[in-house]
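Taking it in order: structure first as structure tokens, then the write-up.
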Number of protein chains: 2
Amino acid sequence: MAFRTAASATQAAPASVSVPIAVGAAPPPPPLAQQPSSSSDFAPFIPGFLHWVRICNNGAAAAAAGEFLDLSVAGKTVGYLKADFAERLLQFPEVFQRCSASGSSSGVAVHPRLATQQQRTEAIAGVLQQLRAEGLIEGWRDELYPAVQAFHDEPAFLVERAAAPHFGIKAYGVHINGYVTLPDGSRELWVARRSRSKPTWPGKLDHIVAGGQPHGLSCQENVVKECEEEASVPEQLAVRARAAGAVSYTSLQPAGLKRDVLYCYDLELPADFVPQPQDGEVEEFMCMPVHRVAEIVATTNEYKENCALVIIDWFMRHGYLTPDMPGYLELLHGLRSGDCS
Amino acid sequence: MAFRTAASATQAAPASVSVPIAVGAAPPPPPLAQQPSSSSDFAPFIPGFLHWVRICNNGAAAAAAGEFLDLSVAGKTVGYLKADFAERLLQFPEVFQRCSASGSSSGVAVHPRLATQQQRTEAIAGVLQQLRAEGLIEGWRDELYPAVQAFHDEPAFLVERAAAPHFGIKAYGVHINGYVTLPDGSRELWVARRSRSKPTWPGKLDHIVAGGQPHGLSCQENVVKECEEEASVPEQLAVRARAAGAVSYTSLQPAGLKRDVLYCYDLELPADFVPQPQDGEVEEFMCMPVHRVAEIVATTNEYKENCALVIIDWFMRHGYLTPDMPGYLELLHGLRSGDCS
């Protein structure tokens with residue numbers, strides 16, 4: 001099957017079409033949003049879509065069963081720890097101490113003498129340097145994530161991104177579906193193939209742009225930054241990205257619990273715009289009919305798992321899935337299975 | 001403040017604009033979806049929006065506390081009953097019987113000798129005729145709702161719509177946001193004012209079209225039917241309505257629990273289309289700038305409560321609300337607080 005790739009699209013891009021408009025006349029009315037003509041074709045994909053919801057939430061049962069220890073700061077739970085990682089942290093008694101929560105479960109607390117965000121951040125960074133040297137923390141990113149109960153909370157501390165699953169803290173990201181509306185009203189989605197040399201999910205399919213939400217940037221600023229870095233989307237296009245909700249999930253990883261909220265953005269792109277890899281994270285960009293993307297998500301393992309959820313949410317918001325299809329509400333509900341706060 | 005009403009819009013409708021296009025040329029590229037320019041203005045509305053989420057979910061705590069009795073059919077819970085209504089039902093021992101659920105709570109079961117949907121439907125209809133004669137069931141609609149655990153289940157029985165809150169069964173509806181995109185990319189929403197002679201929510205603001213989901217119609221068929229009946233939207237326009245998700249909530253009513261799932265549809269309308277009241281349910285239609293609708297929802301009691309949730313969901317999906325606004329995730333999560341199945 002031949003897709004329009006970044007390279008071929010450049011060659012095939014039509015000359016821009018100039019439409020003569022009578023002087024003084026009103027601009028042409030925009031074409032109306034329509035129901036996707038092939039919407040009924042998506043019903044067979046729903047079981048495949050639900051599969052990815054379950055995969056991304058494979059940590060929900062363990063979390064509900066209390067298989068992790070609470071990590072708390074000043075009485076607020078900000079994360080969850082595997083028992084062996086908790087034991088290792090407790091070997092730094094000036095930073096972490098055992099505490100009994102109000103309920104029956106016990107947990108680990110950041111030492112109360114560390115009274116400020118900065119004190120906690122520095123003390124935990126020191127612990128992590130040692131754990132990194134021991135090989136316990138892999139894939140160091142030099143990027144700080146905030147430890148919070150909810151997104152707009154003042155962070156209890158900041159911590160290296162690679163350690164987020166070990167601490168089971170919430171992690172946030174911005175995921176952007178870039179799409180093109182063709183003259184007949186049908187749509188194509190831009191799809192990225194991750195570099196085969198990336199340490200995480202090499203060669204998997206991905207959004208045109210997606211990134212973790214670091215401390216100190218607004219989501220809007222992060223969208224513009226990631227658009228430029230990952231796909232050479234210029235700022236004047238990137239600022240058109242529209243916030244459209246979020247998905248959330250709880251995954252079990254070797255290191256611990258991945259508790260993610262991904263903010264979903266829609267970016268409608270001009271038909272003649274072609275994204276270009278810039279920071280080496282993407283091998284190629286392809287523009288594919290929506291139905292083909294749905295088929296790949298539903299029937300293959302090609303996509304990075306959490307991107308599948310954001311794409312399914314896009315199908316749902318844009319009318320490709322309808323309430324008359326069995327499994328619709330299960331999917332809608334499942335897309336926000338995680339702690340959505 | 002002057003809004004474009006159905007009447008004035010008819011007078012003011014511009015002559016259709018004919019755009020000359022060179023023969024053989026491609027059609028003009030559609031304008032791209034853009035981020036609403038006034039999106040940052042919506043942050044102050046979020047507390048007002050959260051107020052409506054709480055109002056619509058004022059039955060959640062009572063339901064969670066087990067203040068209602070289960071109504072079950074063949075071991076499946078399909079509804080919830082207030083204690084006094086349950087006692088009244090148990091006075092029909094050939095139709096209802098007391099049962100002890102597997103847990104500690106007890107409940108009411110439809111008598112197991114009523115083995116088919118039809119048998120249960122007929123027996124319960126007989127009971128309801130008597131309760132209606134006693135004045136216990138008010139606002140009879142002659143419209144059957146299915147009693148189900150989840151939308152696509154085979155109904156355990158069908159029951160008069162007016163009795164749905166008494167039985168605490170799930171009820172479904174289709175709610176349509178009709179909107180217009182202006183040449184500058186900004187949008188206006190069509191708003192209906194309910195007839196002041198309607199028994200329910202007289203004079204309140206509402207969607208252009210909304211209706212309960214009766215047994216025996218698909219959601220798509222119901223959308224087309226309600227569009228025609230409530231606003232004279234012709235079928236060729238109505239079929240463009242795009243499914244875009246759902247909101248759910250659990251309300252406490254004098255009769256019992258209202259457990260609703262409202263399917264949300266987006267219907268982009270031509271600028272010169274003007275809805276017309278047809279079945280007497282609507283007093284007038286008004287076309288208002290999105291920001292003004294948001295202000296009314298957030299700061300007044302003008303809107304029918306559950307419509308507020310569907311409009312807030314539209315704001316969220318179309319970029320008027322963004323993750324950088326405090327309360328964003330609470331709102332996103334809150335819009336699907338009810339049993340979304």
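As a basis for the values below, the full set of heavy atoms in this structure was taken, side chains included, without hydrogen atoms, waters or symmetry mates.
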Segment of [X] engaging chain A (4.5 angstrom heavy-atom cut-off):
| X | result |
| --- | --- |
| B/Arg336 | side chain |
| B/Leu331 | neither |
| B/Val174 | neither |
| B/Ser341 | backbone |

*Atom OH in B/Tyr263, atom CG in A/Leu329: separation rounded to 0.5 Å?*
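These two atoms lie 3.5 Å from each other.
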*asked:* Tell me if the NE2 atom of B/His51 is crowded by more than 12 foreign heavy atoms within 6.0 Å.
replied: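 Buried by this count: over 12 neighbours within 6.0 Å.
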*Report, as yes or no, whether the 6.0 Å neighbourhood of atom CD on B/Glu235 holds more than 12 heavy atoms from other residues, nucleotides or ligands.*
no
Smallest separation among heavy atoms of [X] and [Y], with atom names:
| X | Y | answer |
| --- | --- | --- |
| B/Tyr328 | A/Ala243 | OH-CB, 4.1 Å |
| A/His152 | B/Pro323 | NE2-O, 2.9 Å |
| B/Gly319 | A/Arg242 | CA-CB, 4.3 Å |

_Residue among B/Asp313, B/Asp324, B/Leu332 with most heavy-atom pairs under 4.5 Å to chain A_ = B/Asp324
*Does any heavy atom of chain B fall under 4.5 Å from the side chain of A/Leu267, the backbone, both, or neither of them?*
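Neither part.
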